[in-house]
Number of protein chains: 2
Amino acid sequence: MTRTGTGTRRGATRQRLYEAAITLIAEQGFSSTTVEQIAERAGVAKGTVYYNFGSKTELFEELLRHGARPFTAELARAARAEFARGGSAAAALDAMARAGLAFVAAQPDLTRLFVAELWRPNRTWHSALAELRGHAAGVVEEVLERGVADGEFDASVDVGLAAGALLGTVVAGALDWQTFHPGRPIDEVHAALCPLLRGRLAGGGGP
Amino acid sequence: MTRTGTGTRRGATRQRLYEAAITLIAEQGFSSTTVEQIAERAGVAKGTVYYNFGSKTELFEELLRHGARPFTAELARAARAEFARGGSAAAALDAMARAGLAFVAAQPDLTRLFVAELWRPNRTWHSALAELRGHAAGVVEEVLERGVADGEFDASVDVGLAAGALLGTVVAGALDWQTFHPGRPIDEVHAALCPLLRGRLAGGGGP
DNA sequence: GTCTATATATAGATAGAC
DNA sequence: GTCTATCTATATATAGAC
């Protein structure tokens with residue numbers, strides 16, 4: 001128990017700092033958010049932040065990693081569960097979309113902060129973000145490849161581009177929902193998104 | 001010629017400041033970007049910025065309006081042109097997607113800065129951004145409604161949610177392209193996106 | 001491990017010369 | 001209309017007490 005897990009004392013303080021930072025940075029952006037604000041919201045002094053993290057930037061980078069891992073894990077879990085019950089690759093995409101929507105609904109601030117930085121090169125944490133995006137995209141790619149191999153999807157599908165687009169569709173759709181259509185139930189949003197993922201927007205189409 | 005158009009002397013200075021601010025804010029974010037940096041890149045002194053704009057925030061808000069108007073205009077123009085040549089609503093969506101991709105490819109920095117702020121409430125310029133998003137979404141909604149009226153799209157489509165999702169798909173897809181698959185030609189990206197807009201991802205589906 | 005100072009730098013904004 | 005000089009506030013980060 002010497003590692004910095006959530007069980008240790010140090011882990012608890014770090015967890016509170018993560019949660020405080022997520023909310024503040026999501027609302028104000030990284031640079032507008034001061035270390036003092038983060039410390040105050042977490043109920044500790046500023047010096048404690050610098051004891052636990054080397055700098056403001058380092059806190060943010062570790063926060064990104066800490067928050068992104070569960071997202072990718074949820075997507076993978078959803079796909080695995082769908083395949084386990086004998087579902088198709090298209091059904092797996094639906095399940096992943098639902099899992100993605102649920103994650104964003106549960107952690108809208110974390111997602112906002114992520115998206116605000118994801119497509120910006122030239123920032124110190126961009127390589128870390130690119131890697132995290134790559135993991136999530138990789139999960140989607142596997143499902144697409146399986147669908148192509150099973151003859152379920154067209155072989156001409158560009159897996160790399162499509163995975164990024166699908167991921168973008170779910171995340172952007174989820175944030176648009178949370179920001180401009182709050183209160184709408186997840187089922188309605190999922191229903192609006194599925195045609196985009198499965199090909200049923202055009203009436204009469206679809207498998 | 002007393003208005004602040006691009007033809008006037010004042011308009012020229014403001015235009016240079018816009019362009020400088022777009023690049024810098026896209027890379028660094030609003031708060032990390034200093035007025036001094038913007039002035040330097042535009043080739044003027046800091047005082048000149050404050051003569052032309054009341055504050056840093058005001059410069060940014062006017063920049064958002066200034067940059068978003070052409071985007072919505074391009075989407076509307078693409079849809080109009082497609083309908084004018086007798087195209088379907090689905091074809092209009094394709095044309096809008098292409099117009100959107102082309103706009104983002106031409107102005108990636110502007111789009112980055114836009115997306116980074118779009119889904120954040122609690123910022124002073126959020127109402128301005130929401131309004132601009134509403135205009136663009138409105139253009140998409142009109143096309144969807146026309147498609148439903150013509151029996152081309154399913155009547156159960158939730159126009160409001162779908163418009164936001166479609167817009168998000170194009171913008172997110174375009175930024176993902178610019179950031180993680182640069183060099184790919186626009187045709188390939190458009191081809192990867194169209195199945196999501198028209199319903200052809202699933203093999204054998206589609207109208 | 002956490003807190004209370006404090007050092008140092010740099011931001012936004014303004015006043016007044018030209 | 002643009003520039004230079006400057007005021008004032010506030011940020012990051014550190015040192016040392018507890």
Side-chain angles (χ1 to χ4, degrees), chain A residues 1-64 66 113 117 123-125, chain B residues 1-64 113 116-117 123-125:
Chain A
M1 283 293 176
T2 54
R3 304 296 287 157
T4 48
T6 41
T8 67
R9 165 108 164 272
R10 178 168 183 174
T13 300
R14 289 168 72 105
Q15 183 64 33
R16 308 243 310 289
L17 286 170
Y18 283 146
E19 282 162 18
I22 286 170
T23 308
L24 290 164
I25 297 178
E27 286 178 358
Q28 306 172 334
F30 173 78
S31 302
S32 299
T33 302
T34 71
V35 176
E36 183 110 33
Q37 285 177 317
I38 297 171
E40 189 181 19
R41 186 174 244 268
V44 298
K46 191 162 63 162
T48 303
V49 178
Y50 284 95
Y51 175 80
N52 282 277
F53 299 95
S55 68
K56 184 187 173 187
T57 302
E58 200 177 304
L59 158 60
F60 187 57
E61 286 180 19
E62 294 196 27
L63 164 63
L64 290 174
H66 181 78
L113 143 179
E117 301 293 338
R123 304 216 78 173
T124 59
W125 50 74
Chain B
M1 282 293 173
T2 54
R3 304 297 285 157
T4 49
T6 43
T8 66
R9 165 108 163 272
R10 178 167 183 174
T13 299
R14 290 168 73 105
Q15 184 64 32
R16 307 243 310 290
L17 286 170
Y18 282 147
E19 282 161 19
I22 285 170
T23 308
L24 290 164
I25 298 179
E27 286 178 358
Q28 307 173 334
F30 173 77
S31 302
S32 298
T33 302
T34 70
V35 175
E36 183 110 33
Q37 285 177 315
I38 297 172
E40 188 180 20
R41 185 175 244 267
V44 299
K46 190 161 65 163
T48 302
V49 178
Y50 284 95
Y51 176 79
N52 282 276
F53 299 95
S55 69
K56 185 187 173 187
T57 302
E58 199 176 305
L59 158 60
F60 187 56
E61 285 180 19
E62 294 196 27
L63 164 64
L64 290 174
L113 142 179
E117 301 294 339
R123 303 217 80 173
T124 60
W125 50 74

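Note on naming: letters A, B, ... go to the chains in the order of the sequence lines (proteins, then strands), and numbering restarts at 1 for each one. Side-chain atoms are counted along with the backbone in the values below, which use heavy atoms only and exclude waters and symmetry mates.
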[atom1] of [X] versus [atom2] of [N]: gap in Å, rounded?
{"X": "N52(B)", "N": "dC3(D)", "atom1": "CG", "atom2": "C1'", "result": "13 Å"}
{"X": "E58(A)", "N": "dT12(D)", "atom1": "CD", "atom2": "C1'", "result": "14 Å"}
{"X": "I25(A)", "N": "dA11(D)", "atom1": "CD1", "atom2": "C1'", "result": "15 Å"}
{"X": "Q28(A)", "N": "dA11(D)", "atom1": "CD", "atom2": "P", "result": "10 Å"}
{"X": "F60(B)", "N": "dG12(C)", "atom1": "CZ", "atom2": "C1'", "result": "17 Å"}
{"X": "F30(A)", "N": "dA11(D)", "atom1": "CZ", "atom2": "C1'", "result": "12 Å"}
{"X": "K56(B)", "N": "dT14(C)", "atom1": "NZ", "atom2": "C1'", "result": "17 Å"}
{"X": "E36(A)", "N": "dA9(D)", "atom1": "CD", "atom2": "P", "result": "17 Å"}

- Where do R123(B) and S32(A) come nearest, in terms of heavy atoms and distance?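 Closest approach of R123(B) to S32(A): NH2-OG, 3.4 Å.
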If the cut-off is 4.0 Å, is [X] near the phosphate of [N], judged by side-chain N/O to OP1 or OP2?
{"X": "T13(A)", "N": "dT2(C)", "result": "yes"}
{"X": "Y50(B)", "N": "dA13(C)", "result": "yes"}
{"X": "T34(B)", "N": "dT10(C)", "result": "no"}

- Task: Please say whether more than 12 non-hydrogen atoms of neighbouring residues, nucleotides or ligands are located less than 6.0 Å from CD in E58(A).
- Result: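 Correct, the count exceeds 12.
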So if I take every side-chain heavy atom of [X] and compare against [options], which nucleotide ends up nearest?
{"X": "T48(A)", "options": "dT2(D), dT12(D), dC3(C)", "value": "dC3(C)"}
{"X": "V44(A)", "options": "dA13(D), dT2(D), dC3(C)", "value": "dC3(C)"}
{"X": "Y51(B)", "options": "dT12(D), dT2(C), dG1(D)", "value": "dG1(D)"}
{"X": "K46(B)", "options": "dC3(C), dG12(C), dC3(D)", "value": "dG12(C)"}

- Could you go through the side chain to side chain contact (heavy atoms under 4.5 Å, CB included) check for L113(A) and L63(A) one step at a time? CA-CA 10 Å; L113(A) 143 179; L63(A) 164 63; 4.1 Å; yes
- If you look at every strand shown and take non-hydrogen atoms under 4.0 Å, does T33(B) touch a base, only sugar-phosphate, or nothing?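 Touches sugar-phosphate only.
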- Query: Base, sugar-phosphate, or nothing: which does T57(A) touch, judged by heavy atoms less than 4.0 Å apart?
  - Reply: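 It contacts nothing in the nucleic acid.
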- Message: Evaluate L59(A) against I38(A) for side chain to side chain contact (heavy atoms under 4.5 Å, CB included), listing each step before the verdict.
- Response: CA-CA 11 Å; L59(A) 158 60; I38(A) 297 171; 4.0 Å; yes
- Determine, step by step, whether S31(B) and S31(A) satisfy the side chain to side chain donor-acceptor pair (under 3.5 Å) criterion, reporting the C-alpha distance in whole Å, the side-chain angles of both residues, the deciding distance to 0.1 Å, and the verdict. CA-CA 5 Å; S31(B) 302; S31(A) 302; 5.5 Å; no
